[in-house]
Every structure is written in structure tokens, then in C-alpha cells.
Amino acid sequence: MNIPSKFDASKFEKKWYQYYLDHHLFDSDVDENKKAYTIVIPPPNVTGALHMGHMLNNTLQDILIRRARLLGYNACWVPGTDHASIATEAKVVQWLEDKGIKKSSLTREEFVDYAWQWTKKYGGQILNQLQKIGCSCDWRRTKFTLDESMSESVIDVFIDLYNKGFIYKGYRMVHWDPQAQTTLSDEEVNHQEINGKLYYVNYAIKDTLGHLTIATTRPETILGDTAICVHPEDQRYISLIGKTAIVPIAKREIPIISDAYVDKAFGTGCLKVTPAHDSNDKELGEKHQLEFIDIFNSDGTLNEFGLHYKDQDRFVVRKKIVEELSTLGHLHKVENYKTNVGKSERTNAIIEPRLSEQWFLKMEELAKPALKAVVNNEIKLYPKKFLNTYKHWMENIKDWNISRQLWWGHQIPVYYYGKNKKDYVVAKTKEKALEKARAISQNPDLKITDLVQDPDVLDTWFSSWLWPISVFDGIRHPNNSEINYYYPTKDLVTGPDILFFWVARMIVSGYEFRNEKPFQNIFLTGLVRDHLGRKMAKQLGNSPDPIELIQTYGADGVRVGLMLSTSAGNDLLFDTKLCQQGKNFANKIWNAFRLIKSWPIDSELSPRDAQIQGLKWFDHRLSQAIETIDQLFNRYRISDALMCLYKLVWEDFCSWLLEIVKPTYGQSISINVYDQVIEDFEKLMVLLHPFMPFITDEINDHLKENAKPLIHAKWPKSHQHNSEILELFGFIKQLVTGFRHFRKQNQLPFVKPLKVYQIQPSFDEKKSSDYLTFFNACIEKMEHLNMIVGEPPTSQGKTISIQTYRYFIPMESKQKISKKKLIGDSIEEVSQYLSDLKNQVSSEKDKTQLEKMSHEFLRLNHFLASLNKKLNNQNFINKAPGQIIQKEKSKAADTKIKIQQLIQDIRNF
RNA sequence: GGGUACUUAGCUCAGUUGGUUUAGAGCGCUUGGUUUACACCCAAGAGGUCAGGGGUUCGAAUCCCUUAGUACCCACCA
């Protein structure tokens with residue numbers, strides 16, 4: 001067989017992924033003879049493009065699911081996407097605008113139609129991208145939250161919860177996004193500190209010449225004021241309580257009330273109360289039965305209560321009203337003031353607290369079992385540190401605002417039949433609604449056209465909270481065989497940012513609709529940041545394109561790079577250097593494979609001592625590592641498990657075992673040894689397969705005749721390992737290192753055999769003669785030793801010893817290393833060499849090539865010189881000079897390597 | 001403002017209920033090397049008062065107090 005010297009990642013990725021698909025290797029069906037191991041994907045937004053966060057948590061899921069398959073589970077990974085109502089609707093609106101179509105000019109049906117067109121055209125690419133990183137989902141099961149079965153489940157659940165009395169309609173102070181014209185949940189609002197102003201405004205007191213002064217950051221809202229409030233014990237104002245103040249401009253009379261809520265120390269101690277536009281004021285308003293005046297339209301302009309400011313934007317009005325107050329002499333003073341404003345996560349518009357009629361889900365009762373399950377460790381959280389956060393949130397849970405003023409999503413199954421909005425029925429279809437409405441209203445003449453469905457859609461999370469159940473159709477058919485088999489799922493892998501949005505709510509729904517947890521383990525990953533610790537964001541341009549990364553480093557390389565850096569729950573600082581490390585690892589494995597396959601096999605040959613002993617040691621080492629890896633997996637220490645494997649392969653297998661076992665050039669290897677090496681290598685491929693599916697399958701395919709794909713291989717088992725053998729080999733390593741150190745210190749060339757006297761252990765060790773064979777066999781092989789047993793003839797030399805084993809190296813072995821001159825030591829010499837060479841070659845092509853090399857050589861040298869100068873001066877900026885110097889040094893090292901490579905090229909020329 | 005974490009080598013992090021750890025790993029760094037798998041490499045090596053201070057203990061990176069800094073979550077003051 002012809003093995004290419006480099007591993008061509010993209011070629012093999014394509015080949016193997018297609019193979020997996022063609023042979024349905026990812027598919028899972030109910031099989032009562034096997035245990036199920038289920039993961040449901042956190043459905044990415046259908047609009048989404050793969051980013052590093054997806055990459056991270058999907059790679060983790062793939063590793064878990066692939067390992068589960070190897071362990072013999074019936075592993076099922078269900079993929080899918082989320083309709084993401086706000087995000088998608090925003091994109092569709094933009095898309096239509098680009099086409100010159102305004103949303104307002106469309107009917108609901110037309111818009112939804114466009115949205116589907118858009119979704120079908122651009123949506124779901126993310127699933128294709130997941131295939132590129134090797135995700136082994138059962139693609140037949142792909143779900144979308146707006147699929148018919150999924151939608152029906154959502155509606156059923158709404159009706160069920162409504163009938164149980166958990167859903168109610170209420171007026172609430174909600175976060176209103178005037179740009180998207182929808183309410184937002186608390187979680188969709190980001191608070192940001194901005195430099196604002198605090199305006200002090202005088203309000204006249206009726207029937208007196210006096211006034212009082214309030215402080216506000218939002219002077220435009222005074223038009224909605226319905227009271228002034230002071231602290232009941234504030235001596236400055238105690239006499240004013242019960243009197244009437246007059247709102248400037250609006251000239252409306254409002255009461256002066258008192259409440260302990262007011263902070264005497266803030267501003268002037270007087271608070272203007274605007275119940276319709278501030279949640280605290282709303283509470284005061286309800287408590288003191290104040291009037292609620294809403295002064296805004298839905299787009300953030302003022303309505304008729306805005307008087308002459310009607311139809312102007314809130315921020316324009318703020319400026320104008322300040323001017324007017326000033327002109328009228330009501331403006332006392334203006335201070336600079338830092339204040340927090342809420343901004344919409346989606347549109348970044350400043351949100352407006354607004355009183356609005358919304359649908360709510362009562363959470364307190366529903367949350368109880370979900371809280372208990374996590375606290376009792378029935379559902380395990382990795383890492384544990386999120387437990388407190390979870391607990392705190394669930395204990396103080398607020399009702400869930402589930403309605404959204406959008407068109408893209410599940411329309412609320414509420415039908416109004418009267419003129420009064422209080423006359424409604426909840427039903428699955430319009431026909432059923434009509435039946436119900438006729439019965440309730442006792443009006444048999446009601447026609448279907450009299451029914452008006454509530455225009456709102458449900459919050460996106462109101463569909464995804466059912467995800468682990470609804471993907472198996474467990475809402476509509478609670479006893480179907482799939483849900484009974486696959487539910488509860490095993491692991492949920494997601495980011496901590498949606499712990500409350502999604503994870504907590506899934507637990508709630510799991511207990512409510514299945515009376516059981518939705519998953520056993522929650523693995524929360526960290527956020528992916530760049531190497532400076534900044535969040536990855538489009539605006540910063542610090543987010544690498546995962547697909548490009550895969551092209552550069554290979555899917556296996558990128559997976560390894562990501563996994564090496566992800567300790568559970570901590571944010572990971574991503575650097576493409578890590579992917580390079582992953583790629584190097586793949587290269588290393590590939591070369592080990594090439595080496596093994598290059599050995600001529602001899603079936604007559606009997607194994608050498610060192611080979612037998614080396615393989616014996618590796619067997620125990622492997623077993624020990626498997627045990628460690630299993631334990632690490634059980635604790636979800638994925639990156640540690642990978643590191644353990646990395647060292648097992650690179651150090652133990654490649655640097656020690658293969659070096660001991662490999663035959664000298666041109667010689668053959670005993671078939672018994674070869675077979676054992678292949679068997680060990682196969683086991684390594686299985687262990688690595690969850691992390692690096694492509695390269696391991698490619699290699700495994702060539703290890704034996706009729707090799708089967710690794711996807712359903714058996715995860716190797718650890719056995720009782722002999723710690724004495726492991727310890728003994730530890731001694732060997734130390735000895736070998738000692739010899740090498742000796743060589744280096746005395747500048748002895750590695751290839752020259754070293755004469756070594758072995759001094760017998762002077763005491764009785766029952767196993768010592770066995771051990772000596774082992775020792776000497778391995779060490780001789782590794783270090784080109786001429787081993788002599790017995791006392792050394794002279795005391796001139798050095799003794800290396802480990803415990804009781806002592807070796808003596810006489811000094812006469814010493815020999816200076818002859819430094820090979822590459823081409824020349826100086827720039828001049830190299831340049832001279834190059835120009836001589838140029839005169840010798842005849843073809844123009846060679847000449848230009850040499851010209852280029854010469855140029856490149858000078859350029860690199862120049863660059864190196866300037867770096868060195870810079871380093872010696874060290875005139876760097878004060879902050880973190882260490883870092884900068886490090887960086888410069890590594891540049892210098894890079895350049896040196898490049899020069900070396902260049903000289904190599906010249907030599908080969 | 002309330003809460004939860006965190007601070008260990010140049011960088012990113014391990015360090016399990018105080019006791020085999022002389023505080024580890026990977027990367028990076030330094031030095032040497034073409035040895036017929038691999039320079040995407042090999043080999044050897046140098047790096048740490050465990051944020052500062054105090055305490056408990058025979059013994060502290062680990063427990064307590066304190067100071068400083070960082071991150072995240074919750075709430076939001078007109």
C-alpha cells in the first residue's frame with residue numbers, strides 16, 4: 001500500500017463523512033436490547049451561522065455521543081434548529097426592506113410566507129456546517145421548532161396549561177422594544193451605564209406661591225406624572241403631604257403623597273411618579289390608586305397626552321421639553337449623571353418600560369420540582385458552581401411573559417368572539433373555538449368570521465422548553481415507544497448564558513409533562529473568548545470562521561485544539577495556535593502509522609528481549625491510562641482526558657515504545673511483535689476516535705484486513721495493571737534521561753555508542769536479575785550503549801544511578817561533537833555560496849529561484865538583526881514589557897527557524 | 001447596591017476531604033541536534049515566596065480573618 005507522507009485532512013473528511021451517511025452509521029432506532037444514550041442538540045437559530053461557541057459545544061456532544069457508541073450504548077443525537085422568532089423576523093424584515101418591501105405593507109399571511117421562503121433559502125446552513133466538524137447526529141431525526149408536530153405540541157401545551165390555570169392575561173410593566181415593536185423578556189435586555197443628565201424641575205404647589213423641586217433623568221415623562229411622592233418622615237416636606245402640585249406644561253393637578261419607598265438622600269427627596277413608565281412608579285401607582293397615563297405610541301413617539309409634542313420621538317421631545325421648561329422658568333438646574341439604561345439585545349434600541357396587556361405563565365408552582373431535582377443532585381450540574389445561581393433564580397422565579405408582538409412563531413390559540421376583549425376561548429382550531437364560543441356565549445348565531453385570533457405569537461423559548469420531549473413527539477403521544485425509550489436524555493451540553501432562558505425551563509416542562517427529568521447531566525461550557533480575553537464578536541472581528549479553520553488545520557486538528565483548552569465551565573481563551581497543536585498531533589499520529597507500516601515483517605524471527613519487555617510495559621501503561629481516561633470522562637473532564645491520551649500517544653507510544661520496538665533500518669520485525677504493536681495502535685485509535693474521528697478511521701482502515709469503521713468498535717477495557725512494571729519503567733526513563741544528560745553535558749554525539757560499565761546491585765533483590773534483563777535490554781536499545789557488566793577499570797568518569805542500579809561511564813568515551821557547517825556561518829558566506837551556485841546553473845528558472853532565495857535570506861537576516869537590536873534596547877512601553885519581549889523573542893525564534901529552513905532548501909537545491 | 005466565584009511558571013490551566021509534591025501539565029522559552037516515521041520533529045534544560053498581610057496547626061497552595069485586583073449573575077434609585 002502506498003501511504004502518503006502527509007495526512008490530507010479535507011480529502012479524508014469528505015470521504016469518511018459520506019461513508020458514514022451512506023451506511024447510516026449515525027442512525028439510531030429503538031432497540032430494547034440496548035440501553036439508550038440520548039443527547040438532544042441545543043437547537044441553533046435557523047438563521048445562524050456556525051461560530052466558535054457552536055463549534056465548542058457540538059464537538060463536546062459529538063465526543064460524548066461517539067464514546068457512548070463505543071461503550072455499546074444505542075446512542076442517539078437528535079439535531080434541529082430553532083425558529084428564533086425575534087432574530088429571524090428581524091432578518092426577514094431587513095431582507096424585505098432590501099427588496100423594497102415594507103413589513104407594514106404586507107398582511108400577516110404574506111409576511112409569514114416570505115419568512116418561510118427565507119428560511120428555506122438561507123436557513124439551516126448551520127446543520128451542514130455541523131457535518132463539516134464531524135457531528136454524528138441522526139440526521140433523519142432533524143427537527144425544526146415550527147414543524148407541524150412541534151407546533152402542535154406547543155399549542156397543546158398552551159391549552160393544557162391554560163386549562164390548569166397556569167396561564168393568565170395581565171397588565172404588566174414590560175420591556176418594550178420600540179424598534180422591533182415587541183416586548184422583550186428580562187433576559188433579552190442588557191443594562192448599560194451611560195452618561196446622562198439629572199434634571200431638576202420645579203413644580204408649583206397649588207394655592208401657594210411655593211414650589212417643590214424633583215430630580216429626573218427623563219423629563220419627557222413629566223407629561224405622564226400623576227403624583228409627587230416624598231418620604232413620610234422627611235421634615236422638609238411633611239407639611240406638603242396631601243396638597244396638590246401642578247405638572248408644568250401639562251398644567252395637570254396631581255396629589256402630593258408620601259411613601260417610605262422614597263430615598264430622602266437622593267436628589268431633592270421628591271419623586272415624581274409616572275406609573276405608566278416605570279416599574280417602581282407602577283407599584284406606587286397601584287398602592288396609592290393613582291391614575292395611569294401612557295404618553296407613548298408603540299414606536300416610541302408621543303401620543304395625544306404628549307400635547308404639542310404628539311408624534312415626535314421621545315429623545316427629540318426630551319431636548320425640546322428641557323428648553324421649554326427652561327423658558328418657562330421651571331428648570332432649576334441640570335447635573336451630569338451616570339445612569340443605567342436597558343437596551344434590546346436584538347435591536348440595541350433603548351427599551352421603554354411600558355404597561356401592556358400580555359400573556360403570562362405562573363411559575364412558582366411549576367418551578368418547585370425543577371428546583372428540587374437539581375438541589376437533590378437528581379440532575380447533575382457540571383461544574384457545580386452554577387448550583388447556587390440556579391437555586392437563587394428558581395427560588396425567586398417570576399412569572400414568564402410568553403407573548404410576543406411578532407408574526408413569526410406559534411400564534412397564540414386564543415380566539416376573541418365578542419367586542420369585549422374579555423370574551424375569548426382557548427382552542428386548538430378555529431372550528432373548535434367556534435363551538436366553544438357558541439356554548440359559552442349561548443349565541444348559536446356566532447359565525448367563524450366573528451372569531452378573531454390573538455395576533456401575538458409565543459416566546460421562542462415556549463417551544464424550545466419542550467425540545468427534549470417534543471423531538472420524540474412525547475407531548476402529542478405521551479406513550480409512544482420512542483419517548484419511552486429515549487427519554488430522559490443523558491447529557492445536555494450548552495452555555496451558561498441560557499441556563500435560565502432554556503435549561504431551567506426544560507427541567508420545569510420535563511417534570512410537568514413527563515413527570516421526569518429531561519436529562520441526567522448538564523454540562524455547561526464556558527464562553528469562547530479571544531486570546532486577549534475579549535468576547536468573540538462580529539464587530540471586533542476577532543471571531544475566526546470555523547469553516548476556514550477546518551480548511552487550514554483539519555476538522556480533527558480544530559477539535560483537538562478546542563478540547564485542549566476547555567476546562568469545564570471556565571471561559572476559554574481561544575487561539576489558533578491551539579489548532580496548530582491539534583494539527584501537529586494529527587501529523588504525529590500519521591507518522592507513527594507510516595513508521596509501523598514501513599517495517600518488513602518476518603514470521604520466522606523471534607522477538608528481542610527489549611521488545612518483549614517494552615510491549616509488556618506498554619500494555620500496563622495503556623491499561624492505566626484507560627482507567628484514568630474513564631474516570632475523567634465520568635467527571636466530564638474532557639480536556640484532561642484528551643491531554644492524557646495526547647501524552648499516552650506522543651510520549652509513551654511514540655517516544656518510548658516505538659523507539660524500543662523499532663527494528664534498525666533495513667531489518668525486519670518479528671510478526672509477533674508487529675501484531676502486538678498493531679493491536680495497541682488499534683486501541684489507541686479507538687480511544688482517540690471520539691476526539692479525532694477522521695484520521696483514526698482512515699488509519700484503522702489500513703491497520704488490518706477487513707477493518708470495520710471505528711464508529712461501532714469496542715472501547716478498550718482497563719485491566720489490573722502491575723504497578724511494579726510501571727515503576728520499573730519509570731526508572732528506565734530516568735536512567736535514559738541521565739545518559740542523555742551526560743551526553744549533552746560532555747558534548748558526546750548521540751550516534752556514537754557509549755561504553756558503560758554496569759555495577760551489579762550489591763544487595764539481595766529477589767527479582768533483581770529479571771529486572772536487570774529488562775533494564776539493560778531497554779536501555780541498550782535506546783541509547784546505543786556498549787554495556788559491560790562488572791567493575792570499571794578506572795575511577796575517571798561519571799556514575800548514574802537509580803535507587804540501587806548504578807552505571808559507570810568512563811571519561812575516555814568523550815569526543816567532541818564536530819559541528820557540521822551547513823553552508824556558511826556569515827551572511828557573506830551564504831551570499832557568496834548562492835552567487836557561485838547561480839553561475840553554475842544554466843536554466844533561467846533555476847536562476848530566478850536562486851535570486852528569490854538570496855533575496856529572502858537577506859530579508860530575514862535584516863529582520864532578525866532589527867529584532868535583536870530592539871530586544872537589546874528593550875525600550876518598550878511600560879505596561880507588560882515581559883509580554884512584549886516574549887512576543888518579540890518568539891518572532892526572532894520564528895525567523896531563525898525560517899533561515900534554517902531556507903539554508904536547508906539551498907543545500908538541497 | 002445584593003450575590004457567586006476567582007487570583008498557582010512568560011501564557012492557558014490542573015492540584016480531589018489540610019500530610020509522598022522537592023507545587024504539576026500543555027504551549028512558549030533556552031541550548032544542542034538531521035539519528036531512514038515525523039523540523040508539523042528529536043533531545044536536554046531553565047522558569048513559581050501558590051495576589052499581599054495576619055492567624056489556626058506538628059504541618060497550609062489547600063482552613064479562618066484582612067487588603068488589593070478580576071470575572072460573572074441578580075436588581076436597578078428617581
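We name chains A, B, ... by the order of the sequence lines, and we start the count at 1 in each one. Heavy-atom basis, side chains included; hydrogens, waters and symmetry copies ignored.
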Using the [atom1] atom as the point on both nucleotides, what is the distance between [M] and [N], in whole Å?
N	M	atom1	value
B:rG24	B:rA9	P	14 Å
B:rU35	B:rA43	P	15 Å
B:rU21	B:rA14	C1'	13 Å
B:rU22	B:rC27	P	25 Å
B:rC50	B:rU8	C1'	4 Å
B:rA39	B:rG33	C1'	11 Å
B:rG45	B:rA25	P	12 Å
B:rU67	B:rG3	P	15 Å

Check your understanding: Can you list the stems that include RNA chain B, where a stem is three or more consecutive Watson-Crick or G-U pairs with distances under 3.5 Å?
Key ->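 RNA chain B forms these stems: B:1-7 with B:68-74, B:10-13 with B:24-27, B:29-33 with B:41-45, B:51-55 with B:63-67.
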Practice item. Could you list the residues that satisfy ring-ring contact (aromatic ring centres under 6.0 Å, His included) with A:Trp599, not counting sequence neighbours? Key: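 Partners of A:Trp599 under the ring-ring contact (aromatic ring centres under 6.0 Å, His included) test: none.
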Review point. Under 4.0 Å between a Lys/Arg side-chain N and an Asp/Glu carboxylate O for A:Glu651 and A:Arg621?
Key: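 Here A:Glu651 does not pair with A:Arg621 in a salt bridge, since their nearest N and O are not under 4.0 Å apart.
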**Study point:** Electrostatic pair A:Lys264-A:Asp234, nearest N-O below 4.0 angstrom
**Key:**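 Answer for the salt bridge query: no.
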Practice item. Name the nucleic acid region contacted by A:Tyr646, choosing base, sugar-phosphate or nothing; use a 4.0 angstrom heavy-atom cut-off, strictly under. Key: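 If one applies the 4.0 Å heavy-atom cut-off, A:Tyr646 turns out to touch the sugar-phosphate alone, with no base involved.
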Review point. So what does A:Val262 touch, heavy atoms closer than 4.0 Å: a base, only the sugar-phosphate, or nothing?
Key: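 Base contact.
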Exercise for review: Taking only the side-chain nitrogens and oxygens of A:Lys6, find out if one of them lies under 4.0 Å from OP1 or OP2 of B:rC40.
Suggested key: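 No.
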